[in-house]
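Each remark here refers to the structure printed beneath this line.
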Amino acid sequence: MSYLMNNYSRLPVKFVKGEGVYLYDDKGRKYLDLIAGVGVNSLGHAPPEVVKIISSQAKELIHVSNLFENPWQEELAQKLVKEFHTSGKVFFCNSGTESVEAALKLARKYWRDKGKNKYKFVAFERSFHGRTYGSLSATGQPKFHQGFEPMLPGFSHAKLNDIDSVYKLLDEETAGIILEVIQGEGGVNPAEEEFLAKLQELCKEKELLLIIDEVQTGIGRTGEFYAYKHFSFLKPDIITLAKGLGSGVPIGATLAREEVAQSFTPGSHGSTFGGNPLVCKVASYVVDKVKDLLPRVRSVGEYFKKRLEELNLGKVKGRGLMLGIELKEECKGYVLKALEEGLVINCTAGNVIRFLPPLILEKEHVDEAVEKLKRVFK
Ligand SMILES: *Cc1c(COP(=O)(O)O)cnc(C)c1O
């Protein structure tokens, strides 16, 4: 009997310790971790420098509330804006869904401040933006809505890589478009370059805010600091961040270009925990470290992709260290088999094996993973 709500189907393994790219269970078995807490442990498990920062900051100040000045937020925000394509400002929260909520609220407020009744959003089928009502309404997967209806008014879903399907959903009341550059939970589905270029054009032409959800793709995951930066023409008005930003401490952020950010004024939005000194201090270190890791994420990612293609299991999708193999069959069973082989992988969208390893992954780990995968799929 468990005292926990039954909202997760948990795999039968108890991890009790981690080090680098490896996890250890309660029986002392070692596993190569290729999911990293769903793209969270970007610097691996128990990175010594992060442990040191957590400990020293905890001794100084863990939490102080947003009633007071917070230099740790200032430092981190400056670093995040430096990687943005233009000047901007940041709001800190604690998770991906909250960063999306802030983005949606900010977008609506921006148009209301301009005296326009633009409140609708076009999102995409198979997208995932979170589990609270705004982000859930944006999420383009009916299975997550079931039993929780009605969703918020004003959300509709177009087909990724089909610009006409976007056109059809626009009207005078559309505030913006929200998408992932590579859909994560939806099955590692990349948006095509040509489609993104047209989408950017459309936003300009129809006066729409472009919101890019970088919760999974951001902070180095795909080999660029923000995944949208693979496309020089993309100029999002708002981006959302979380997952890898804290390398394990819970932190989310919403980054908007200067003019849009002005619409949050004292009292218009907030978070009790958001951006406390402890998480900001850690994330600040993570950002520096990830910037150094980018060339390696690109090269190890390319190598990983090539080796996965050689396995001939299905179409290999994604970029950097965000990769997926689309199987012709359900993949749940393979996750269990992989655990038996000492390999932690993930199955998403029913038939896509997803890899989101720590960004410190090296080629030798890829080789180890491929040998294990051969046994899993033999
Ligand atoms: C995981 C995810 C979210 C939600 O993040 P939580 O921290 O679980 O709330 C939102 N958007 C994308 C793209 C994600 O991958």
Side-chain angles (χ1 to χ4, degrees), residues 5 7-8 10 35-42 91-107 121-141 143-145 148 151-152 155 157 160 176-191 196 210-222 224 226-228 230 234 236 238-255 271 273-275 279 282-283 286 317-324 346-349 352 354-357 359:
M5 290 199 194
N7 58 317
Y8 302 108
R10 297 174 193 270
I35 190 63
V38 195
V40 167
N41 302 93
S42 43
F91 165 77
F92 287 111
C93 54
N94 318 285
S95 65
T97 198
E98 286 170 83
S99 70
V100 173
E101 294 295 328
L104 299 172
K105 285 181 72 178
L106 181 63
F121 295 94
V122 174
F124 290 87
E125 291 174 6
R126 298 200 287 173
S127 64
F128 184 83
H129 299 292
R131 306 279 197 155
T132 51
Y133 268 107
S135 64
L136 183 63
S137 302
T139 293
Q141 301 187 57
K143 67 175 181 194
F144 293 116
H145 296 172
F148 299 110
M151 293 294 113
L152 288 191
F155 289 83
H157 299 89
L160 192 70
I177 292 175
I178 178 166
L179 87 160
E180 302 152 84
V181 172
I182 301 174
Q183 292 181 333
E185 308 303 307
V188 194
N189 311 312
L196 289 171
L210 179 60
I211 304 170
I212 297 189
D213 183 344
E214 293 262 7
V215 167
Q216 191 160 146
T217 55
I219 320 294
R221 174 55 55 193
T222 69
E224 289 281 350
Y226 301 129
Y228 81 82
H230 287 290
L234 273 184
I238 306 175
I239 64 171
T240 58
L241 302 167
K243 291 199 167 93
L245 176 57
S247 195
V249 299
I251 179 169
T254 307
L255 204 173
S271 164
F273 292 127
V279 296
V282 172
V286 173
K317 310 187 285 185
R319 199 163 195 168
L321 289 173
M322 179 175 183
L323 297 172
N346 170 251
C347 165
T348 194
V352 178
R354 180 173 50 166
F355 305 98
L356 297 167
L359 304 183

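Each ligand, and each atom within it, is numbered from 1 in the order the structure gives.
Nearest heavy atom pair, residue L152 against residue G134, reads CD1-CA, 3.7 Å.
Under the side chain to side chain contact (heavy atoms under 4.5 Å, CB included) rule, P190 has a single partner from I182, T222, L196, which is I182.
The protein heavy-atom contact nearest to atom 1 (C) of ligand 1 is K243 NZ, 1.5 Å. Of the protein's heavy atoms, D213 OD2, 2.7 Å lies nearest to atom 11 (N) of ligand 1. Nearest protein neighbour of atom 9 (O) of ligand 1, counting heavy atoms only, is T97 N, 2.8 Å.
Between the H129 side chain and the D213 main chain, no donor and acceptor come within less than 3.5 Å of each other. Judged by distance alone, the side chain of H157 and the main-chain N or O of A138 form a donor-acceptor pair under 3.5 Å. S127 places a side-chain N or O within 3.5 Å of a backbone atom of G140 that can act as its donor or acceptor partner.
Residue-to-ligand polar distances place G96 within reach of ligand 1: an N/O pair is separated by less than 3.5 Å. Any N or O atom pair closer than 3.5 Å counts here, and Q216 shares at least one such pair with ligand 1.
Residue contacts with ligand 1 for H129 involve N, CA, C or O but no side-chain atom from C-beta outward (heavy atoms, distance under 4.0 Å). Under 4.0 Å from ligand 1, not a single heavy atom of A242 appears.
Classification of R354 and E185 as a salt-bridged pair holds, one side-chain N sitting under 4.0 Å from a carboxylate O.
For atom 6 (P) of ligand 1, the protein comes within 4.0 Å by at least one heavy atom.
Distances below 4.0 Å separate heavy atoms of E180 from the following atoms of ligand 1: 13 (C).
Every ring-ring contact (aromatic ring centres under 6.0 Å, His included) that F91 has, sequence neighbours left out, goes to H269.
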